[in-house]
Amino acid sequence: MYNFNKIEKKWQEFWRKNKTYKVFEDSKKEKFYVLDMFPYPSGSGLSVGHPLGYIASDIYARYKTLKGFNVLHPMGYDSFGLPTEHYAIQTGIHPAIATFENTKRYRIQLDKIGFSYDWDREIQTSDPKYYKWTQWIFKQLFNSFFCKKTQKARDISELTAYFIKQGNHTLDAVCSEETPIFSASEWQKYSEVDKQKILLNYRLAFLSETWVNWCEKLGTVLANDEVKDGFSERGSYPVEQKLMQQWSLRITAYADRLLDGLKVLDWSTSIKEIQRNWIGKSVGANILFSVLKYNKNIKVFTTRPDTIFGVNFLVLAPEHPLCNVITIKSQKKDVKQYIDEIKLKSEKERKSEVKKITGVFTGSYAEHPITSKKIPIWIGDYVVSNYGTGAIMAVPCGDQRDWNFAQHFNIKKINVFKDVDISESANENDDIVIQNSDFLNNLSSSEAIEKVIAVLKEKGSGERAVTYRIRDAVFSRQRYWGEPFPVYYKNELPYLLEDNEVLELPEISEYLPTSSGEPPLARAKREQWKKFQGDRMEFNVMPGWAGSSWYFLRYMDPQNDVEFVNKQKVNYWKQVDLYIGGAEHAVGHLLYSRFWTKFLFDKGLIPFEEPFKKMINQGMILGRSNFVYKLKESNTFVSFDKKDKYETIRLHVDINLVENDFLNIEKFKKWRPENSSARFILNNDNKYLCSYEIEKMSKSKYNIHTPDILVEKFGADTLRLYEMFLGPIEQFKPWDSQGISGVHNFLKKFWKLIHNDKNEFFISESPPQKNELKNIHKTIKKVEEDIQRYSFNTVVSTLMICLNQLIEKKCNKRDIITDFTILLSPYTPHIAEEVWQKLGHKESITKSSFPKVNTKYLIDKNITYPVSFNGKKRFTIDVSSEASKEDIENIIMQYEKTIQYLNGNSPKKVIIVPNKIINFVV
RNA sequence: GCCCGGGUGGUGGAAUUGGUAGACACGUUGGACUUAAAAUCCAAUGAACAUUGCGUUCGUACGGGUUCAAGUCCCGUCCCGGGUACCA
């Protein structure tokens, strides 16, 4: 009997005792880094969905090890975060304790599945030994600015040196908008406080008063990627805009590099597309329109400066500061009413009314920078304040929204496109020729853009401009369970703690915000901070993504107490070669860690600027919920196939009470007290049939499958094999326990093939036959190709086919079984180790090597396709010299129809010549 | 609206470059073994028609097209999933 429980226990102990999966830097071996997105250790443990990616990465890691690579394959926990803090608020249990308990449980669950992690490299982001270095990286960000010329982060000391010499007139660095311009002598005269304030405007980690996404219910601010449609991603609570002093990271400085870097990444097109959209780069021009009679300028951003002669009006966003300034007296009332109306509308309402056209005329006019014509200035809510300049030049002929606005308010539309009809709609195509445009006439769009920008620049009323959608990342959270900032305040200005030791989270009595609305850390008394300095400490903590933005580096050198990572080690391991995880982090973690990696690269701390070379996003495993039908106002349940005759209520039923969609009535009665008296209307087979539906797994739907139960029932190897067999790794798919017996049988069959009736290992020592070798080598090739293209599901089928053939031919020859066992081992490490030992090996199977394909046995794969059909009625097919008679017959069959068509008859003759070219003479 | 995926039996899915569609597995049905059940093994299983065996026709969301040959390529339509949005 295949006793998986015994086998798995034995080998898990063996691996632990022998530290089988421990890895060291080894310059003689080529490295390979396989990484999983580390989990957040929640209180509910792992479900079958979590290990899907871990199993795939483990298979790949084991495969690479067998191929002779030195494989880094670590695991850890992203252990700072909200749920643990909420749990602490509710129970008073310190988050560190809850985290400890949860990670312990995760570890037990993970160990049962038999992963090849080097657990000596485990990290936890909430461990002071770890977040010491998260704080250290924050300090590096604080001490850096972004030089536009070199497109690189540089040390802030270079900046002060520059200010002393020449002020900031000529400086080309990224800074906050409100930064004043000053000369060297002015800089010298500034007070220390003023100097610090100015420097803060340049730092990559900076403090500023900004509009942030405030979530009242969560009591904290959220980053843009944590907000969806005006609601928090976690918990779906309403989010509002609030002006607050917050730490931000200047990710916008890296926008271009983050965009460019995508080109070299082997990621899915969809994730790259999401990042591209998120960064949202638009190239165009900023153009100044002067407002007549008001001595003010309106700056607009446009991607189509070539349509400047088609401008019929300007539109300001209702929030635009000039709205009130330039409105003429007679329009003041209307404008005020309109702006007030817009203010009242929530973000959501404004979005849902997208198609409704609203606006109001200011009564003022601007001067066209080229034609000097009078252009009316409107206010409209289809222009948003937080993109571009918050004002647009409206070109009805070239933009549908402008067209609609013009149509609605009966504004004239100039057509600047040759041979285009704009009476029904605008033309948004840029593959056109310009007309009615003075010096731009007869130019193409791209030519006109160049020309008009040159003209505008000369006049001083416009220049080339690039706009991004991405905003700087808010880095403060008003929480407790996160990294404290290594920052204190003096005169309300932030300063870094000087030494490089960790600033630990102080103990506090309660994890709630204070009554005055300050973050929980404000509760910490002076003496509870181990390194209190200045007037007060920073009360905010860092967001969840701080620790996860660089964790892949720490695995290389997890114990290092003097550096965040040793240089030689990072030079050896370099980038993550294969990263597996969910696609939900597309604009969060995956963008931030790219940003941090680029920054650390700029500082010369690591030798690469993209963290994850290849990424695979595993699809979610959905649950298969079962339902029972309860009669209305009665405790009677009716079988699904009979329910149409009754009025029923559909209820979720725990999937553990159901087998093959049939309800176990005994278990059901015990499930809940009120069920004990339940009565049933059964179907014709005297069974109770449940209906089912595919949904997300959740506690409330009673459809969670835990790996633990399955491991107990079928073994870890079956679970691993089955999760892979389920379908392509990237696809969303429902979990269906019914199919698990198929892969379980496969393992049982394998066991039976090499054991006799008395469960003794029995294997034939006679050399394998040629067709047996053909079978195994075809399998080796296919398995290897499939693993290399991450097609983990087809590997399982291939192995099943191979085994079926081995059983059919009663082939259990030593060489064949050895190769087969190695092929199987990444998927089923436990049973493979067991068989490996029985084959007489002392070392772990991971120390062996992946079998080499002998192409001698692979004939039919070498067949190539037609090379010629010449006029002499001879149809030639090139066939490998190793093709068998059988193969050639197959080819002939394949082409017979073709030849029949060409000739009207079957081929007269088939000639097979010695070099195996088949000639059909027709 | 725009961008990116996808649509194949009762189910999950295979078909990697255009070359025998439905591999592999689940489920179902029938059979063997058994007092019986479980387990195991064998057979059938896209649909329709024909069944004495051979077989015939249709079939990869729908409608066209290219090709000797289309699930695969091209055009149009519908549906599903994901992203994104008055982004100027």
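Numbers restart at 1 for each chain; the letters A, B, ... are given by sequence-line order, proteins then strands. What you see below is based on every heavy atom in this structure, not just the backbone, and it leaves out hydrogens, waters and symmetry mates. For clarity, every value in this text was computed on a predicted model and none was experimentally measured.
- At B:A14, one or more side-chain N or O atoms of A:Asn793 fall inside 4.0 Å of OP1 or OP2 (strictly under the cut-off).
- The existence of a salt bridge linking A:Glu785 and A:Lys781 is confirmed by a sub-4.0 Å separation between a basic side-chain nitrogen and an acidic carboxylate oxygen.
- In terms of phosphate contacts, A:Asn804 brings no side-chain nitrogen or oxygen within less than 4.0 Å of OP1 or OP2 of B:C24.
- Along RNA chain B, the nucleotide closest to A:Arg304 and the one closest to A:Val743 are compared, and the more 5′ of them pairs with A:Val743.
- Contact between the side-chain N/O atoms of A:Arg276 and the OP1/OP2 oxygens of B:C4 is not found at any separation under 4.0 Å.
- A tilted orientation is assigned to the rings of A:Phe750 and A:Phe820, their planes being inclined by 30° to 60°.
- Atom pair A:Met393:CE and B:C86:C1' shows a separation of 17 Å (rounding to whole Å applied).
- Look at A:Arg469 and you'll find a side-chain N or O under 4.0 angstrom from OP1 or OP2 of B:A85.
- Rounded to the nearest Å, the gap between the P atom of B:C2 and that of B:G9 is 29 Å.
- Atom CH2 in A:Trp403 sits roughly 18 Å away from atom P in B:G1 (whole-Å rounding).
- Distances shorter than 4.0 Å separate some side-chain N or O of A:Lys748 from OP1 or OP2 on B:U40.
- Contact annotation: A:Ser741 side-chain N/O to B:A25 OP1/OP2 distance is not under 4.0 Å.
- Between the C1' atoms of B:U11 and B:G46, the separation comes to 13 Å (whole Å).
- When the C1' atom is compared between B:C68 and B:U56, the two are found 23 Å apart, to the nearest whole Å.
- Contact check, A:Gln400 against B:G1: no side-chain N or O comes under 4.0 Å of OP1 or OP2.
- Within the structure, every side-chain polar atom (N or O) of A:Tyr387 is placed at least 4.0 Å from both OP1 and OP2 of B:C86.
- Nucleotides B:U17 and B:G71 have their P atoms positioned 16 Å apart, rounded to a whole Å.
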In dot-bracket notation, what is the pairing pattern of RNA chain B, taking Watson-Crick (N1-N3 plus N6-O4 or O6-N4) and G-U wobble (N1-O2 and O6-N3) contacts under 3.5 Å, with [ ] crossing and | for other strands? (((((((..(((......[....)))((((((.......))))))((((.....))))..(((((..]....))))))))))))....
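- Nearest-nucleotide mapping onto RNA chain B: of A:Tyr722 and A:Asn745, the residue sitting toward the 5' end is A:Tyr722.
- Between B:A14 and B:C24, the two P atoms lie 14 Å apart (nearest whole Å).
- Taking atom C1' in both B:G22 and B:U8, the straight-line distance is 8 Å, to the nearest Å.
- For the ring-ring contact (aromatic ring centres under 6.0 Å, His included) test with A:Phe409, the passing option among A:Trp403, A:Phe313, A:Trp378 is A:Trp378; the others fail.
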